A.B. asks: 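The following block contains the structure, expressed as structure tokens.
Since the structure is predicted, the reported quantities are computational estimates derived from the model, not experimental observations.
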Amino acid sequence: MHWLFGDQLGPHFLAPDGTGPGRGTPVLMIEARSVFRRRRFHRAKAHLVLSAMRHRAAELGERVTYVRADTYREGLDRAARGRPVTVHHPTSYPALRLVRSLPGVTVGPARGFLVPMADFASWADGHGGRRLRQEDFYHWVRRGHELLMDGGQPAGGRWNLDHDNREPPPRDTASLPVGRPYRPREDEIDEEVRHDLDRWERDGDVSFVGRDGPRLFPATRGEALRALQRFVEQRLATFGPYEDAMLAADPVMSHSLLSSSLNLGLLDPAECVERAEAAWRAGRAPLNSVEGFVRQVAGWREYVWQLYWYFGEDYRRSNELRHTAPLPGWWNDLDADAVRANCLRTVLAQVRDTGWTHHIPRLMILGSHALQRGWDPAAVTDWFHRCFVDGYDWVMVPNVVGMSQYADGGRMTTKPYTSGGAYVHRMSDLCGGCAYRPGDRTGDHACPYTAGYWAFLDRHRDLLAGNHRVARPVRQLDRLTDLAAVRAWERSRGDGPP
């Protein structure tokens, strides 16, 4: 039998190539209830994962044995009954330990990524293994896979067009003038999943957070392909310039919404970047938008996956800033209505209602607030894992520990990603109508991000003074005439909702 995990659902996980199952190999899928007991997941995420698994089982028909069990081990014992089982390399350390501990289970190479782990390890070892620049890796992947290349040179003469993709949102508009994203239609499998989740909650067996409205993200290969097609044909062209911008009434902007499909294994990253490149070569999308998308998929996503394994399991416990504060209840409960700060209230409501926001609200609103408040990075990582539909262990450990919370002290990124309210004001319309003013550090209208930014630099000035990317604002601390008032104001805030 070949065992498919719930994030290995695309056809490339069953394609025979010498390392995977044969065309007629029976398939095993296990729906383990214990997964939902261990963490308080977002309800929409639980719905999406179970819907995707059950849809895949329906597609495979008689070829699949679909087991609903309390644990993976129990499900395997029931279905395999001593027969040998193969499985592709899982996507987390706990899952890998599990499959390696089971008798009769053979673990094959990972699928669903562009670069084999051994190739990345060789590349990383050749760069000293300590400071591994994502940009260098991105160039290497582009060359190796001939992505956006003209001979030996990058298309257009530049590797990175990020400078062209930092536009603030257009003013005097509530949303971008762009085609709407693909949204699936629910079916009887979704109805069955929702019924089961309701029953589990009523029985007190599991507990969820967030809201589960109509399913917003693909649960089948067909839906994922339609979502990819819609993005490439109607949304890719406008993706680049505004990929870092935020609008309160338009959380989706021109983003692809393909991350959950990629992370469920419904799409292969190669087909995504190849379709985007084809659109540019056909004159249907500008290079800066296509390069920005390719960098997200073939650069950042791939880089995060590889670092998760290369840095080792102890990496998740990195805490160079020694942040230990627990997450407050309002944050864990996604209680956006308790928050006064318009930017945080808006973004937290997006998470509560959909289980998704794009990368800038994640980094510069949610992650920045957690960093400024000094919350335990392991708890922040777990929160992102639980509360986002595309959140998996391999995704969130490097993204949160390394980038968002700077808990590795700069091993992954060159500076802490946090800012005052001025950045939010420039890159969004989220400051409009807010009770706070982005330029105020103290007083009744002091922006919690502005005060929090200076307080963060003040707490960690010894560590950050030698960092060339933040040394200038650290030096500015000595010129703040109200620094003592900022410290006092920050101490008085506690961890209540801002």
Side-chain angles (χ1 to χ4, degrees), residues 131 166 168 244 246 318-328 331 339-344 347 360-377 379-380 400-428 430-431 434-498:
R131 291 188 179 273
R166 295 175 180 169
D244 286 358
M246 298 173 280
S318 301
N319 193 358
E320 291 294 319
L321 299 180
R322 298 179 182 174
H323 286 176
T324 58
L327 304 190
W331 180 276
V339 179
R340 293 180 68 208
N342 193 44
C343 61
L344 182 56
V347 172
I360 294 299
R362 298 188 198 202
L363 181 65
M364 301 306 295
I365 304 294
L366 300 170
S368 180
H369 184 74
L371 179 63
Q372 291 178 2
R373 303 316 301 158
W375 293 345
D376 179 359
V380 178
V400 179
V401 170
M403 187 177 194
S404 170
Q405 300 304 293
Y406 200 66
D408 65 357
R411 191 176 180 187
M412 180 178 172
T413 61
T414 56
K415 69 169 186 176
Y417 280 86
T418 187
S419 73
Y423 173 87
V424 179
H425 185 51
R426 183 174 69 254
M427 295 303 296
S428 77
L430 295 170
C431 294
C434 186
Y436 304 109
R437 297 170 185 158
D440 288 11
R441 289 189 291 265
T442 60
D444 292 342
H445 299 289
C447 173
Y449 284 88
T450 302
Y453 174 71
W454 291 109
F456 169 79
L457 293 181
D458 183 46
R459 288 198 311 273
H460 298 293
R461 67 163 71 199
D462 291 342
L463 175 68
L464 299 176
N467 185 314
H468 72 281
R469 297 197 65 187
V470 293
R472 183 176 178 182
V474 169
R475 289 195 299 269
Q476 288 179 319
L477 284 167
D478 293 327
R479 295 195 289 272
L480 295 185
T481 59
D482 58 354
L483 183 57
V486 170
R487 292 170 180 154
W489 193 85
E490 279 290 286
R491 284 195 298 269
S492 71
R493 283 177 53 198
D495 270 329

A.B. asks: Is there a donor-acceptor pair under 3.5 Å between the side chain of Asp408 and the backbone N or O of Met412?
C.D. replies: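 Yes; at least one donor-acceptor contact below 3.5 Å.
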A.B. asks: State the CZ-CG distance between Arg459 and Asp462, to the nearest 0.5 angstrom.
C.D. replies: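 Separation between the atoms: 13.0 Å.
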A.B. asks: Taking all atoms of both residues into account, what is the closest heavy-atom pair of Arg362 and Leu366, and its distance?
C.D. replies: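 Closest approach of Arg362 to Leu366: O-CB, 3.6 Å.
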A.B. asks: Does this structure show an ion pair linking Asp440 with Arg437, if we count only N-O contacts that are shorter than 4.0 Å?
C.D. replies: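 Salt bridge: yes.
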A.B. asks: Are any side-chain N or O atoms of Asn342 and backbone N or O atoms of Leu430, one a donor and one an acceptor, separated by less than 3.5 Å?
C.D. replies: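 The answer is yes, because a donor-acceptor pair under 3.5 Å joins these two groups.
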A.B. asks: Hey, are the side chains of Leu371 and Pro416 touching, using non-hydrogen atoms and a 4.5 Å cut-off?
C.D. replies: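 Leu371 reaches Pro416 side chain to side chain.
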A.B. asks: Closer than 3.5 angstrom, by distance alone: can the side chain of Gln405 be matched with the main-chain N or O of Leu321 as a donor-acceptor pair?
C.D. replies: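 Between the backbone of Leu321 and the side chain of Gln405 there is no qualifying donor-acceptor contact (under 3.5 Å).
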A.B. asks: With side chains defined as the heavy atoms from C-beta onward, is the minimum distance between Val424 and Met364 less than 4.5 Å?
C.D. replies: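 Sidechains of Met364 and Val424: no contact.
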A.B. asks: Report the residues that fulfil salt bridge (charged side-chain N to carboxylate O under 4.0 Å, His left out) with Arg493, sequence neighbours left out, ordered by chain and then residue number.
C.D. replies: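 Result, salt bridge (charged side-chain N to carboxylate O under 4.0 Å, His left out) vs Arg493: Glu490.
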A.B. asks: Could you pull out all donor-acceptor pairs under 3.5 Å where a side-chain atom in residues 470-477 meets a protein atom, sequence neighbours excluded?
C.D. replies:
none

A.B. asks: In Å, rounded to the nearest 0.5 Å, how long is the span from CG of Leu464 to CZ of Arg469?
C.D. replies: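 Going from CG on Leu464 over to CZ on Arg469, the span is 12.5 Å.
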A.B. asks: Only counting residues at least two apart or in another chain, list the ones meeting ring-ring contact (aromatic ring centres under 6.0 Å, His included) with Trp489.
C.D. replies: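 Expected list: none.
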A.B. asks: What is the minimum heavy-atom distance between Trp375 and Asp495, and which atoms define it?
C.D. replies: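 Heavy-atom minimum between the residues: NE1-OD1, 3.1 Å.
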A.B. asks: Which residues satisfy the side chain to side chain donor-acceptor pair (under 3.5 Å) test with Asp376, sequence neighbours excluded?
C.D. replies: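 With sequence neighbours excluded, Asp376 shows a side chain to side chain donor-acceptor pair (under 3.5 Å) to no residue whatsoever.
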A.B. asks: Write down the atom of Asn467, the atom of Tyr406, and the distance for their closest heavy-atom approach.
C.D. replies: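 The answer is ND2-OH, 3.3 Å.
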A.B. asks: Do Leu344 and Pro498 have side chains that get closer than 4.5 Å, going by heavy atoms?
C.D. replies: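 Contact flag for Leu344/Pro498 side chains = yes.
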A.B. asks: CZ/Arg487 to CG/Asp458 distance, rounded to the nearest 0.5 angstrom?
C.D. replies: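 That separation rounds to 4.0 Å.
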A.B. asks: Within a 6.0 Å radius of atom NE2 on His425, are there more than 12 heavy atoms belonging to other residues, nucleotides or ligands?
C.D. replies: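 No.
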A.B. asks: Just wondering, are more than 12 heavy atoms of other shown residues or ligands nearer than 6.0 Å to CZ in Arg322?
C.D. replies: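 No.
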A.B. asks: Do you know which two heavy atoms are closest between Leu363 and Ser404, and how far apart they sit?
C.D. replies: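 The pair with the smallest heavy-atom distance is CD1-CA, 3.8 Å.
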A.B. asks: According to side-chain hydrogen bond (donor to acceptor under 3.5 Å, both in side chains), does anything in residues 445-457 pair up with another residue at least two apart or in another chain? List the pairs.
C.D. replies: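 Counting only pairs at least two positions apart or across chains, no side-chain hydrogen bond (donor to acceptor under 3.5 Å, both in side chains) contact touches residues 445-457.
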A.B. asks: Which atom names give the shortest non-hydrogen contact between Met427 and Arg166, and what distance separates them?
C.D. replies: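 Closest approach of Met427 to Arg166, heavy atoms only: CE-O, 3.8 Å.
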A.B. asks: May I ask you to test the Leu480-Arg441 pair for a side-chain heavy-atom distance under 4.5 Å?
C.D. replies: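 Contact flag for Leu480/Arg441 side chains = yes.
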A.B. asks: Is any side-chain heavy atom of Met246 less than 4.5 Å from a side-chain heavy atom of Ile365?
C.D. replies: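 Yes - at least one pair of side-chain heavy atoms lies under 4.5 Å apart.
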A.B. asks: Answer yes or no: is there a side-chain heavy-atom contact under 4.5 Å between Tyr423 and Ser428?
C.D. replies: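 A side-chain contact is absent here, since even the closest heavy-atom pair is not under 4.5 Å.
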A.B. asks: Using a strict 4.0 Å threshold on nitrogen-to-oxygen distance, state whether Arg461 and Asp478 make a salt bridge.
C.D. replies: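 Yes, Arg461 and Asp478 are salt-bridged.
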A.B. asks: Mark yes or no for whether Arg373, through its side chain, and Gly494, through its backbone, hold a donor-acceptor pair below 3.5 Å.
C.D. replies: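 Yes.
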A.B. asks: For Pro168 and Arg426, which heavy atoms make the closest approach, and how far apart are they?
C.D. replies: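 Here Pro168 and Arg426 meet closest at CB-O, 3.1 Å.
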A.B. asks: Not counting sequence neighbours, which residues clear side-chain contact (heavy atoms from CB on, under 4.5 Å) with Asn319? List them please.
C.D. replies: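 By the side-chain contact (heavy atoms from CB on, under 4.5 Å) rule, Asn319 matches His323, Thr324, Pro377.
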